[in-house]
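Since the structure comes first, as structure tokens, the remarks are kept for the end.
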Amino acid sequence: MFDSVRRTVVVVGAQWGDEGKGKLVDVLAERADWVIRYQGGANAGHTVHIGDTTFVLHQIPSGILHPRVQCAVGNGVVLDPETLFTEIDELIAKGIAIEGRLHVSDRAHMVLPYHKLVDSQSAANREIGTTGRGIGPAYEDKVGRRGVRVLDLRHGRKLRALVEEGVAHANARLAAFGSSARADVDSTMELLDGLAARLLPLAADVGLAAHEAIMDGAAVLLEGAQGSLLDIDHGTYPFVTSSSTTSGGAAIGAGISPMALDAALGVVKAYTTRVGNGPLPTELAGELGDRVRQLGNEFGATTGRPRRCGWFDSVVVRYAVRINGLTDLAVTKLDVLDTLDKLAVCTGYGVDGELHTEFPGDLTALESVEPQYEWLEGWRTPTSDSRSLDDLPRQARRYLDRIEELVTAPITYVSVGTRRDQIIGLDEA
């Protein structure tokens, strides 16, 4: 992905999340100087397998696993400081050097205990299928101008006033839910006082640092957390996350100009998955859905919840190509399909007898579509040892070619397993 022209690259999920962005960021970070996370919170779970060691990163960019790479948490992220330091300590225990390499935007808003309390007590949030980690309430406070930023830790009196306002708002919401639970100012302040000494040394103007790195010709990788179809504006609203997951949100969430972005890599599974509620037009029911879930180990890295599985939906991915301006695609988990006799690809949606090839914004319309499938022959042979396009079975290459044709974006990477080395780089072939 990185060359003399493409120095600032965005990695985005082009489905409903869990596409394997963490692995792709880990692979690309080998040639990067900076990796910056630009949105989301601890509700993400990017899993990277290196040898016999598994790393699950919730807030720290996947680039931290490469010793020379500088990593940053951007202003668009809502930071859970408790989870951050748990993650840091786990990385250190596994031999990963952190000191001097991890930077946190001082403009990033924090997820505090009262956000988690509101999230856990909200029936509406449970219906949408949130992770209950306080992400939505923290973004609500940010937009409501009562959020607490990392830089507020420097100003004790102002910090307490903001916490008092946040707690009062949270308790009003809890009362409206009919919950007896209540948030507390003093315990929140005690927590923040204990975290400040460790968090403030990491605080930086990440946008300025990223801008200077770009101006110096550094290779900068921007990492999103959730998929494009969970974007607050462009996803399947209201079954979405609370931030901008698309490439447009990368510039805002990292604090750089959109004119600095050179390329956008969309990551997709060779099939489709979704966690929680909301539409999934190609969803597989019954035994086949269970089989794909088990083959792909489709259980959330953050929550452990089983993911719903479906056939590859080219309507969804073509939409993601358009709204992100995707220059490249990475297809992950091709090996999960190795044992299937035949595969379906959704090429369009039937609505009232008419064929629609564009993704609808109307949730009611989306819930009534009938997927139109094209069937392809399976390859019924292992692909996990493939390291070049020529190593793949003819039927697997045909499957990838058809995806390219339907979604109108070139496939640059194909992942055939969980390990770092189980990947085919077609841009290097």
Side-chain angles (χ1 to χ4, degrees), residues 1-12 21-40 46 48 57 59-77 79 84 87-88 91 96-108 149-151 154 199-225 243-267 324-328 330 412-413 420 425 427-428:
M1 283 295 295
F2 290 111
D3 53 36
S4 59
V5 175
R6 304 197 295 184
R7 304 298 294 165
T8 306
V9 176
V10 185
V11 176
V12 300
K21 297 179 290 298
K23 177 178 179 177
L24 266 295
V25 170
D26 174 64
V27 169
L28 293 174
E30 188 173 3
R31 289 179 284 166
D33 299 301
W34 279 80
V35 179
I36 303 171
R37 169 84 175 272
Y38 66 83
Q39 56 81 215
H46 289 177
V48 179
L57 301 168
Q59 296 188 108
I60 298 174
S62 306
I64 202 70
L65 303 177
H66 294 268
R68 70 172 191 83
V69 177
Q70 294 290 309
C71 294
V73 177
N75 57 272
V77 172
L79 181 79
L84 175 72
E87 197 168 317
I88 288 174
L91 287 169
I96 304 299
I98 302 291
E99 188 172 356
R101 299 181 50 225
L102 179 62
H103 316 274
V104 175
S105 173
D106 58 6
R107 292 173 170 84
R149 297 187 290 176
V150 172
L151 59 82
R154 299 173 181 144
L199 184 55
L200 283 176
L202 302 178
D205 187 338
V206 167
L208 176 60
H211 171 76
E212 291 176 343
I214 291 167
M215 291 298 99
D216 288 342
V220 177
L221 196 58
L222 304 176
E223 176 185 15
S243 58
S244 296
T245 65
T246 52
S247 61
I252 297 170
I256 61 174
S257 165
M259 302 302 292
L261 305 181
D262 299 319
L265 173 69
V267 185
N324 287 290
L326 296 181
T327 58
D328 302 82
T412 308
Y413 294 94
R420 179 183 275 176
D427 61 337
E428 301 165 0

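Just so you know, these numbers come straight off a predicted model, no measurement behind them. Just the heavy atoms: all of them, side chains too, but no hydrogens, waters or symmetry mates, feed the values below.
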Do [X] and [Y] have side chains that approach each other closer than 4.5 Å (heavy atoms only, starting at C-beta)?
{"X": "D26", "Y": "H66", "result": "yes"}
{"X": "W34", "Y": "V206", "result": "no"}
{"X": "L199", "Y": "L84", "result": "yes"}
{"X": "L221", "Y": "M1", "result": "no"}

Could you give the distance from [atom1] ([X]) to [atom2] ([Y]), rounded to the nearest 0.5 Å?
{"X": "L79", "Y": "Q59", "atom1": "CG", "atom2": "CD", "answer": "5.0 Å"}
{"X": "I96", "Y": "I88", "atom1": "CD1", "atom2": "CD1", "answer": "13.0 Å"}
{"X": "K21", "Y": "L265", "atom1": "NZ", "atom2": "CG", "answer": "11.0 Å"}
{"X": "D106", "Y": "R154", "atom1": "CG", "atom2": "CZ", "answer": "5.0 Å"}
{"X": "L222", "Y": "T8", "atom1": "CG", "atom2": "OG1", "answer": "7.0 Å"}
{"X": "I64", "Y": "L57", "atom1": "CD1", "atom2": "CG", "answer": "8.5 Å"}

Minimum-distance pair of heavy atoms, taken over all atoms of [X] and [Y]:
{"X": "L261", "Y": "S247", "value": "CD1-O, 3.8 Å"}
{"X": "A108", "Y": "G74", "value": "CB-O, 3.8 Å"}
{"X": "H103", "Y": "A204", "value": "CB-CB, 4.4 Å"}
{"X": "G40", "Y": "V77", "value": "O-CG1, 3.2 Å"}
{"X": "G100", "Y": "Q70", "value": "O-OE1, 3.1 Å"}
{"X": "V12", "Y": "Y38", "value": "CG1-OH, 3.3 Å"}

side-chain contact (heavy atoms from CB on, under 4.5 Å) with Y413: of V267, D328, L28, only one passes, and it is L28
N/O donor-acceptor pair under 3.5 Å between [X] side chain and [Y] backbone:
{"X": "R31", "Y": "D3", "value": "no"}
{"X": "S105", "Y": "V73", "value": "no"}
{"X": "R7", "Y": "I214", "value": "no"}
{"X": "D262", "Y": "V9", "value": "no"}
{"X": "R37", "Y": "G253", "value": "no"}
{"X": "Q39", "Y": "A225", "value": "yes"}

Please determine whether the number of non-hydrogen atoms from other residues, nucleotides or ligands lying under 6.0 Å from atom [atom1] of [X] exceeds 12.
{"X": "M259", "atom1": "CE", "value": "no"}
{"X": "H211", "atom1": "NE2", "value": "no"}
{"X": "R107", "atom1": "CZ", "value": "no"}

What's the verdict on side-chain contact (heavy atoms from CB on, under 4.5 Å) for V10 and T246, showing C-alpha distance, side-chain angles and the deciding distance? CA-CA 9 Å; V10 185; T246 52; over 6 Å; no
Let's go through E30 and V69 carefully: what are the C-alpha distance in whole Å and the side-chain angles of both, what is the deciding distance for side-chain contact (heavy atoms from CB on, under 4.5 Å) to 0.1 Å, and is it a yes or a no? CA-CA 8 Å; E30 188 173 3; V69 177; over 6 Å; no
